[in-house]
Number of protein chains: 2
Amino acid sequence: MGASRQQSPQMAKELLGKGVLIQEAAKRLFMSQGYLATSMDAIAGAAGVSKATLYAHFKSKQALFEAMVQERFRANMGENLLPLHLGDDPYEGLLAVAKRFLGMLLAQDALAAVRLVLAESTRLPELSEAFYRSGPARTLQMVATYLDYLHQQGRLHVPDPATGADLFLGQLKGKLYLKCLLGLQNEASSEEIERHAAVAAAAFVASCAPVIPKK
Amino acid sequence: MGASRQQSPQMAKELLGKGVLIQEAAKRLFMSQGYLATSMDAIAGAAGVSKATLYAHFKSKQALFEAMVQERFRANMGENLLPLHLGDDPYEGLLAVAKRFLGMLLAQDALAAVRLVLAESTRLPELSEAFYRSGPARTLQMVATYLDYLHQQGRLHVPDPATGADLFLGQLKGKLYLKCLLGLQNEASSEEIERHAAVAAAAFVASCAPVIPKK
DNA sequence: GTCTATAGCCTGATAGAC
DNA sequence: GTCTATCAGGCTATAGAC
């Protein structure tokens, strides 16, 4: 047995091999400091292995980065924005979606991922594309589907669900999202999320309802 | 006189001294590649001077970066979002504001600045703050002032102009902004900007109008 | 597979001639 | 002020012992 041993907080991780430990350390560091500012020495140290071991699992820094990113996007895929039961009231349904959306968007992890993707977007265009498809595009699609449902049911007037979803999600972000992304607001309070979600949902319903008098 | 000479495209710049040349080269490179990926050698080369000259003007890489950023923000301050004559129709006024806002937001320069600030937001929190104050905060303020004016005139129902401005500008960004920021859409066409601005302005007016009967 | 040690390069910053 | 030449240190990646 070797002399020094770094015990992971969760023993189960040991069983998965060091590749996982390395990826998790890499994820933490890449996310918080960016690609260039994160050295392979630092990752090796954080994972409790030597640099040579690290290169035995990943053939280069770039390869490690890409493996970490793919893992992150795979995790994204699992999340579902729409609650199982949306009820019949458009406002209540949109409010529920809005709260879920904001909670997901303002999580520290998600914010760090966006910062990272944007920082590397020039160097790695395919990273931007993969991010967009796995995140924003899917969210827009889900909301558009829901809006179309409401439209078909006659509960809301949304002749163009794709554009409607874009407007609604845009409203939902607002300055709150920007401030969190910039790190100016360390964590959004639940009350703030609720308030913002309610305002946006009400505004959207209001903008869709009064279509009839036109014509 | 030295043997080799780098002629700037504009002779006038020579008169301003090399400090300006250096800052412009630094701005180009920092903006397009980020802080860490830009070396002092590269800046010196792009500015047509030696590295020692560069250090004669700026005492460190960090100092050069901050000078460049401050210059960028100073330039920001000059822009005014509101047209001189907004007219009486709320929709037309908001449409004009929307088009200006999108044009400003989607300029390559502005996109690069946002990417840069976000990338460095962890390392330089005060940079985030300066950016927010010089850009988004001022924009929100201007739009809120205009919305308050419309409200006072009774042309639109906006009891909370600050929140209204946030909703309107959020709507205005939408996926178009995100795609440009990610570099997935090299340049937004004028038609796309006009269409998006019109949709957002119409939606905002619709969400505000029905509360009080027009006239 | 895992370690220690190091190669080879690039970086930010400086010394000294002119 | 501007240059050439260079330093000291950090970086990615690899060699070789075990």
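Per chain, numbering begins at 1; letters A, B, ... match sequence-line order. Not measured: the values here are computed from a predicted model. Worth knowing before you read on, the calculation uses all heavy atoms, side chains too, and leaves out hydrogens, waters and symmetry mates.
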**Request:** Indicate the atoms forming the closest heavy-atom contact of L147(A) with P161(A), along with that distance.
**Result:**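 Minimum heavy-atom separation between L147(A) and P161(A): CD1-O, 3.9 Å.
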**Asked** Would one find a side-chain N or O of Y55(A) under 4.0 angstrom from OP1 or OP2 of dT14(D)?
**Response** no
**Request:** Examine dT2(C): is either OP1 or OP2 under 4.0 Å from a nitrogen or oxygen in the side chain of S50(A)? Give yes or no.
**Result:**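 Result: no.
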Whole Å only: how far is the [atom1] atom of [X] from the [atom2] atom of [N]?
X: L54(A); N: dT14(D); atom1: CG; atom2: C1'; result: 13 Å
X: L29(A); N: dT12(D); atom1: CG; atom2: P; result: 12 Å
X: D41(A); N: dT12(D); atom1: CG; atom2: C1'; result: 9 Å
X: L36(A); N: dG10(D); atom1: CG; atom2: P; result: 17 Å

**Message:** If we count only N and O atoms by modelled type, under 3.5 Å, do the side chains of Q70(A) and E66(A) hold a donor and an acceptor together?
**Reply:**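 Short answer, no.
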**Item:** Test item: side-chain donor near acceptor, Q33(A) and R28(A), under 3.5 Å
**Value:**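 No, no side-chain donor-acceptor pair sits under 3.5 Å.
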**Request:** Can you sort out which residues in residues 56-71 of chain A have a heavy atom within less than 4.0 Å of DNA chain D? Ascending by number, please.
**Result:** S60(A), K61(A)
**Request:** Taking only the side-chain heavy atoms of K51(A) (C-beta and beyond), determine which of dT4(D), dA13(C), dT6(C) contains the nearest atom.
**Result:** dT6(C)
**Asked** Which nucleotide, dT12(D), dC3(C), dT11(C), lies nearest any side-chain atom of M40(A)?
**Response**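 Closest nucleotide among those given: dT12(D).
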**Cation-pi, Y132(A) ring and R138(A) (6.0 angstrom, 45 degrees)** = no
**Message:** Between R195(B) and E192(B), does any NZ, NE, NH1 or NH2 come within less than 4.0 Å of an OD or OE carboxylate oxygen?
**Reply:** no
**Prompt:** Could D109(B) and K27(B) be called an ion pair, given the rule that one side-chain N must be under 4.0 Å from one carboxylate O?
**Reply:** yes
**Request:** Nearest-nucleotide wise, let me know which of A52(A) and T38(A) is further upstream toward the 5' end of DNA chain D.
**Result:**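 Result of the comparison: T38(A).
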